[in-house]
Amino acid sequence: MIKSAIFEPNLLNMSPKSILLLVTIFLFGLTSSAQYTEKINSNRPGTSQGAFSVGNNVLQLEGGIGFGKEKHKILDTKAKVFNFDYTVRYGLLIEQLEIRLNGSYRADGVTQTVGANEQKINRSNFEINTLGAKYLIYDPYKKPKKDSINYDKLKSWKERYKFSWKTLIPAVSAYAGVNFVAKDNPFTFPNDPSISPIFVVAAQNNWTTAYGGDWAFVTNIIVDKVTTDNPAIGWIFTATHTVNEQWAGFVEYQGQKSDFYSDNILRVGGAYLFDQDLQFDANIAFNFKDTPSIFTCSLGASYRFDWHTKDEIIEEPGLEGGVKEGEENEGEENEGEEGLDEDLEEIDGIENDSLKLEKTPFINDFEDDSFRDAIEQDLDERRTEERLERERIENEKIAKKEDKKFRKEEARRLKREEKAAREAEKAAIKAEKEKQKMIDDIDAELDKMEQDQGVDGELDDIDKQLKELEQMEKELNQEEQKEEKEEKEEKEEKKEEEKEQKEQEAEDIDAEYEKYQKEQEKAKKEEEKRRKKEEKKRLKEEKKRKKAEKQKKDQENDSGS
């Protein structure tokens, strides 16, 4: 098939009922907003790109070989040319998007006459390889009016066959790609870089007329190699006409203008639809100048691997097998259409309908608006359910994320508190050990003094010192009790704050962060307070130790004298 929407039934030989069926199923197909077609949608045998893609999850291979001759009058050269062109198309993710890889390989033998001798030069290389993507920007058939079928107008021959100006609005797509050129390529400009961009705007009109059959008109505007020293502008106009269900012909005009090469080429040919996935084609091409003159014959084929499952668009209602859905409703649909069929047959004087023998069971010919309303309502309900489900899943994800963050912060806080408690316990054990060591040292000194001197006055002094030490210990105990009481109060306050913070955490994440900051500051203050307390105790113990050493030295001096 060429440029899609061809190989359609000829309306000239169709009954009014058949035309009505065609309009009905055509509008039904457009409501699905899909570009997939039951039959292969190929760009061959022309060189232009149609506006529509091959359809989602469809892989299509297109290729051909050509043989020709070229003569250059000024250079006095002749060349025999062989070329092979290929295209790989794939519908990706959505119906409107298509990725495309295409290229052309050329081999020729150029014969040049120099004096009485002939020189022959053989050349071969890829003229171009391009990788890009095409996206359908505008589809004029995407959203038909709800009440677009008027059965009273369809009874009028004038209303059925008059020209519709809306069909002049084309479908428009944009293509962007990258050219890859090998180094030392004899078929490209010498200074061309290996990589350059190409942009194409493609427009397509599909017409089904009463007297002329089916037509497709494609326009391509091409801007190529704009970043190089040899930019090119091109244009292609392709008209395709359906002869019957399997044969189609085309004519194409291509123009190109650049500093390296400019030309105008005309192509004429046809295509044969072997089955819905395979097409064969042939064409001839020639230009209108002699620097050089070109004449080429080409043969090609297109084949698609159809893995499309989402949409089913029927190209030939009443003539194809169609979609299997709705077969069980055949009887009800046929009953609803008998009355209007008879009226249309009486108006046009047609006794036999050409579609009656091949009526497809899946077509609901003349449904009222309630059926479409029910479909739209069901679609809206399913979309609403899907949206609510997506929102619920998103809310669950957010809640899980916040809960995970809160648990992580809580674990960090508990770890810090546990570490601070271990450090405080170690400091208390160390202070207790130092205190016990000091007491043991004093006891040892007292025992030594009793053995050496046995002086009651010195014993009284030592008793006095012990009392002072006990008083100091008492004061320390009081301070420790006071500090324990303060710590207990702080812990109670802390518990109250934690309780309030837990209540606020579910409402405001910022409150949790402020709580974390307050806990940090509070832990820092507690650590500072504990450090000062330990420093105070150390100073007191140091003072007691120095006082005891001084008394010991005084006693030794007195005993020595």
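Bear in mind that the values here come from a model prediction, so they are computed numbers and not experimental data.
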Backbone N or O of [Y] within a donor-acceptor pair of the [X] side chain at under 3.5 Å?
X	Y	value
Ser293	Lys289	no
Lys183	Pro193	no
Asn244	Trp247	yes
Asn205	Leu168	yes
His72	Asp290	no
Glu98	Val54	yes
Gln204	Thr219	no
Gln60	Asn41	yes
Asp277	Ser302	no
Lys401	Glu396	no

Distance-minimising heavy-atom pair for [X] and [Y]:
X	Y	answer
Leu136	Ala51	CD1-O, 3.7 Å
Gly109	Lys120	CA-CE, 4.2 Å
Val110	Ala79	CG2-CB, 4.0 Å
Val226	Pro231	CA-CB, 4.1 Å
Lys39	Glu245	NZ-O, 4.3 Å
Pro197	Thr227	CD-OG1, 3.1 Å

Does this structure show an ion pair linking [X] with [Y], if we count only N-O contacts that are shorter than 4.0 Å?
X	Y	answer
Glu389	Arg392	yes
Lys225	Asp192	yes
Arg106	Asp85	no
Arg44	Glu62	no

Using the rule given for side chain to side chain contact (heavy atoms under 4.5 Å, CB included), can you reason through Leu61 versus Val88, listing the C-alpha separation, both sets of side-chain angles and the distance that settles it, and then say yes or no? CA-CA 5 Å; Leu61 307 179; Val88 180; 3.9 Å; yes
Evaluate side chain to side chain contact (heavy atoms under 4.5 Å, CB included) for Ile137 paired with Ser173, printing each intermediate quantity in order. CA-CA 5 Å; Ile137 299 175; Ser173 66; 5.5 Å; no
Parallel, tilted or perpendicular: which one describes the rings of [X] and [Y], with boundaries at 30° and 60°?
X	Y	answer
Phe295	Phe286	parallel
Tyr303	Phe305	perpendicular
Phe237	Phe217	parallel
Phe260	Phe189	perpendicular

How long is the straight-line distance from [atom2] of [Y] back to [atom1] of [X], given to the nearest 0.5 Å?
X	Y	atom1	atom2	value
Arg304	Ser42	CZ	OG	11.0 Å
Asn56	Leu93	CG	CG	7.0 Å
Leu59	Arg89	CG	CZ	11.0 Å
Ile265	Thr47	CD1	OG1	8.0 Å
Asn179	Thr188	CG	OG1	10.5 Å
Asn287	Ile294	CG	CD1	4.5 Å

Applying salt bridge (Lys or Arg N to Asp or Glu O under 4.0 Å) to Glu394 and Arg390, what does each step give before you reach the verdict? CA-CA 6 Å; Glu394 187 67 22; Arg390 287 196 300 270; over 6 Å; no
Criterion side chain to side chain contact (heavy atoms under 4.5 Å, CB included) against Asp108, the qualifying member of Lys69, Arg123, Lys80: Arg123
Assess, by modelled atom type and distance only, whether the side chains of Thr77 and Gln112 contain a donor and an acceptor separated by less than 3.5 Å. no
Is there a side-chain contact between [X] and [Y], using heavy atoms and a 4.5 Å cut-off?
X	Y	answer
Tyr253	Asn264	yes
Glu385	Leu388	no
Ile198	Ile222	yes
Tyr90	Leu97	no
Leu131	Asn129	no
Leu273	Ile40	yes
Lys78	Glu70	no
Ser194	Val181	no

For atom [atom1] of [X], is the number of surrounding heavy atoms from other residues, nucleotides or ligands below 6.0 Å larger than 12?
X	atom1	result
Ile233	CD1	no
Asp184	CG	no
Ile398	CD1	yes
Tyr261	OH	yes

Evaluate Tyr272 against Phe280 for ring pair (Phe, Tyr, Trp, His ring centres under 6.0 Å), listing each step before the verdict. CA-CA 5 Å; Tyr272 174 74; Phe280 297 102; 7.1 Å; no
Can you check side chain to side chain contact (heavy atoms under 4.5 Å, CB included) on Val201 and Asn220, steps first, answer last? CA-CA 6 Å; Val201 176; Asn220 283 182; over 6 Å; no
Derivation and outcome, side chain to side chain contact (heavy atoms under 4.5 Å, CB included), residues Arg267 and Val251: CA-CA 6 Å; Arg267 294 183 181 88; Val251 59; over 6 Å; no
Is there a ring pair (Phe, Tyr, Trp, His ring centres under 6.0 Å) between Tyr105 and Phe84? Walk through the geometry before answering. CA-CA 5 Å; Tyr105 178 83; Phe84 168 72; 8.0 Å; no
Does the side chain to side chain donor-acceptor pair (under 3.5 Å) test come out yes or no for Ser104 and Glu127, once each step is laid out? CA-CA 6 Å; Ser104 176; Glu127 290 185 290; 3.3 Å; yes
